[in-house]
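Below you'll find the structure, written out as structure tokens, and then a few comments.
Just so it is clear, the values below take in all heavy atoms, side chains as well, and ignore hydrogens, waters and symmetry mates.
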Amino acid sequence: QVQLIESGGGLVQAGESLKLACVASGRTLSTMSMGWFRQTPGNDRTFVAGMSSLGGSGASAESVKGRFTMSRDNAKNTVYLQMNSLTPDDTALYYCAAVLGPTTVQSMRVRKLYNVWGQGTQVTVSS
């Protein structure tokens, strides 16, 4: 059974940085495509960034391009989301998610493709 545990959320001021981590257990990370989503109260989860198990540079939402960087360390079975130049609009509950198989970079944005979700970590950015 695959489990994902996120960490690294917190309260920061606008302009500051945070680095989220997601540790996977139950399956080798290199066999899974991974994504980060975020959700605010009353809204759907939206795609932030993703990396396919097939490799490549990954994909990210337009709203975070140039500020957020996703990376993966297969040896540690961990994916990261480095978030720089945070703004209050980035305030959300951030989820790590996995697709249990290969998927294209374009498909990483499709929420329903993800089979496993973490419990989420809260990021709050004050102005």
Which value, rounded to the nearest 0.5 Å, describes the distance between [X] atom [atom1] and [Y] atom [atom2]?
X	Y	atom1	atom2	value
E16	N84	CD	CG	11.5 Å
I5	C22	CD1	SG	8.5 Å
S30	D73	OG	CG	11.5 Å
N74	N77	CG	CG	7.5 Å
Q3	S25	CD	OG	5.0 Å

- Message: Which residues end up grouped with V79 if you chain together Ile, Leu, Val, Met, Phe, Trp and Tyr wherever their side-chain heavy atoms are less than 4.5 Å apart?
- Response: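 Its cluster partners, ordered by chain and number, are V2, L4, V12, L18, L20, L29, M32, M34, W36, V48, M51, V64, F68, M70, L81, M83, L86, Y94, L100, V116, V123, V125.
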Return the minimal non-hydrogen interatomic distance between [X] and [Y], and the atom names on each side.
X	Y	result
S52	R72	O-NH1, 3.6 Å
V105	A59	CG1-CB, 3.7 Å
A14	S127	CB-CA, 4.4 Å
Y95	Q119	CE2-O, 3.6 Å
T103	L54	O-CD1, 3.9 Å

So does [Y] get a backbone contact from the side chain of [X], meaning a donor-acceptor N/O pair under 3.5 Å?
X	Y	result
T91	T124	no
S63	A61	no
Q13	S126	no
T104	S107	yes

- Task: Would you check, one step at a time, whether the test side-chain hydrogen bond (donor to acceptor under 3.5 Å, both in side chains) holds for T28 with T31?
- Result: CA-CA 6 Å; T28 303; T31 66; 5.5 Å; no
- In terms of heavy-atom contacts, does NZ of K65 have more than 12 from other residues, nucleotides or ligands at under 6.0 Å?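 More than 12 heavy atoms, drawn from other residues, nucleotides or ligands, come within 6.0 Å of this atom.
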Non-hydrogen side-chain atoms of [X] and [Y] separated by less than 4.5 Å:
X	Y	value
R111	F47	no
D90	R38	yes
Q82	S71	no

- Query: What residue pairs, at least two apart or across chains, pass ring-ring contact (aromatic ring centres under 6.0 Å, His included) with a residue in residues 99-127?
  - Reply: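 ring-ring contact (aromatic ring centres under 6.0 Å, His included) check on residues 99-127 returns F37-Y114, F37-W117, Y114-W117.
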